[in-house]
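Being a predicted model, the structure only gives us computed values, none of them experimental. Count residues from 1 along the sequence.
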Amino acid sequence: MRRKTSAHDLTSVDVVAETRPTFSTISAEVGYGALRAFDPADVAAPIEASRAHLMLRPEDALKLHPQRLEDIVGSIFRDFGYRTRVTAYRADGGIDVYLDSDQGLVGVQVKRTKNPIEIEQVSSLTGALLVNDGTSGIFVTTSRFRRGARQ
């Protein structure tokens with residue numbers, strides 16, 4: 001809501017009432033300070049902007065492109081001190097992010113889905129770890145794990 005006010009009849013100032021950010025008002029800075037509405041599905045958006053958006057709107061995780069979610073997971077592990085390598089989006093051999101640690105090579109599988117994770121998907125990660133000489137694995141999902149997949 002805008003209203004005009006004047007200060008001592010010399011100048012006019014626009015006053016904008018503060019409101020809680022909505023999806024349409026969240027903006028990302030792009031080149032030379034220009035603003036545009038943030039689109040969670042935009043793979044070209046800076047990772048920092050995507051992470052900030054998820055902090056404000058965790059429910060938008062399913063709107064992210066799966067490749068962007070893999071990049072975000074890699075950046076989070078990097079913040080925890082791991083040396084990370086995000087693999088190609090296609091033909092990644094079952095591992096989306098590699099974490100190089102003192103204990104060995106950790107493989108991370110990232111699934112952006114509403115569907116519960118099945119035991120077969122966890123077994124697939126285990127097989128990919130064996131093939132790629134991984135010492136351990138982490139499964140990151142926007143969903144939940146079925147009973148058999150939790151063990």
Side-chain angles (χ1 to χ4, degrees), residues 1-2 14-151:
M1 184 151 68
R2 292 184 175 264
D14 281 334
V15 177
V16 179
E18 289 186 29
T19 59
R20 183 176 183 274
T22 63
F23 175 73
S24 60
T25 60
I26 295 174
S27 300
E29 190 170 325
V30 291
Y32 304 109
L35 294 178
R36 64 178 169 91
F38 181 78
D39 177 11
D42 182 6
V43 222
I47 291 175
E48 297 80 15
S50 298
R51 283 180 65 174
H53 179 81
L54 284 180
M55 293 288 288
L56 290 173
R57 307 226 178 285
E59 67 275 9
D60 282 353
L62 288 172
K63 293 178 183 175
L64 289 171
H65 188 281
Q67 181 180 8
R68 176 53 49 176
L69 187 58
E70 293 172 9
D71 293 335
I72 290 171
V73 168
S75 76
I76 291 169
F77 277 109
R78 196 173 308 111
D79 287 352
F80 279 104
Y82 289 93
R83 293 177 307 278
T84 64
R85 290 178 283 139
V86 179
T87 62
Y89 180 59
R90 302 250 189 252
D92 59 14
I95 305 289
D96 297 316
V97 181
Y98 286 102
L99 309 177
D100 295 313
S101 72
D102 296 335
Q103 291 77 32
L105 186 64
V106 180
V108 181
Q109 177 62 256
V110 181
K111 290 285 184 203
R112 187 216 59 159
T113 182
K114 290 185 220 178
N115 302 326
I117 301 303
E118 303 286 345
I119 184 70
E120 294 81 12
Q121 292 168 294
V122 176
S123 295
S124 177
L125 172 60
T126 303
L129 290 168
L130 289 171
V131 169
N132 293 292
D133 296 323
T135 55
S136 61
I138 300 172
F139 206 107
V140 177
T141 183
T142 55
S143 182
R144 60 185 181 82
F145 293 89
R146 290 230 188 247
R147 184 172 305 173
R150 278 187 239 145
Q151 298 173 0

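For the ring pair (Phe, Tyr, Trp, His ring centres under 6.0 Å) test, no residue two or more places apart in sequence or in another chain qualifies with Y98. R144 is linked by a side-chain hydrogen bond (donor to acceptor under 3.5 Å, both in side chains) to nothing, counting only residues two or more places apart in sequence or in another chain. Every residue meeting the side-chain contact (heavy atoms from CB on, under 4.5 Å) condition with E118, not counting sequence neighbours, appears here in chain and number order: E120, Q121, R146. Scored by the side-chain contact (heavy atoms from CB on, under 4.5 Å) test, S101 finds Y82, Q103, V106 as partners (sequence neighbours excluded). For T141, the side-chain hydrogen bond (donor to acceptor under 3.5 Å, both in side chains) test picks out no residue, with sequence neighbours left out. Contacts of R51 classified as side-chain contact (heavy atoms from CB on, under 4.5 Å), with partners at least two apart in sequence or in another chain: I47, I72, S75, I76, D79.
The CZ atom of R85 sits 10.5 Å away from atom CD1 of I95, with the distance rounded to the nearest 0.5 Å. Rounding to the nearest 0.5 Å places CG of D100 at 8.5 Å from OG1 of T84. Note that CD of E70 and CG of D96 are 3.5 Å apart. Values are rounded to the nearest 0.5 Å. Note that the CG atom of L129 and the CD1 atom of I138 stand 10.0 Å from one another [nearest 0.5 Å]. In this structure, CG on L54 lies 5.0 Å from CG on L64, to the nearest 0.5 angstrom. The OG atom of S136 sits 8.0 Å away from the CG atom of L99 when rounded to the nearest 0.5 Å.
The two atoms that bring A149 and I119 nearest to each other are CB-N, 3.7 Å, heavy atoms only. Residues F139 and L125 come closest through the heavy atom pair CD1-CD2, 3.8 Å.
When each of H65, R68, M55 is paired with S50, the side chain to side chain contact (heavy atoms under 4.5 Å, CB included) condition holds for R68 and for no other.
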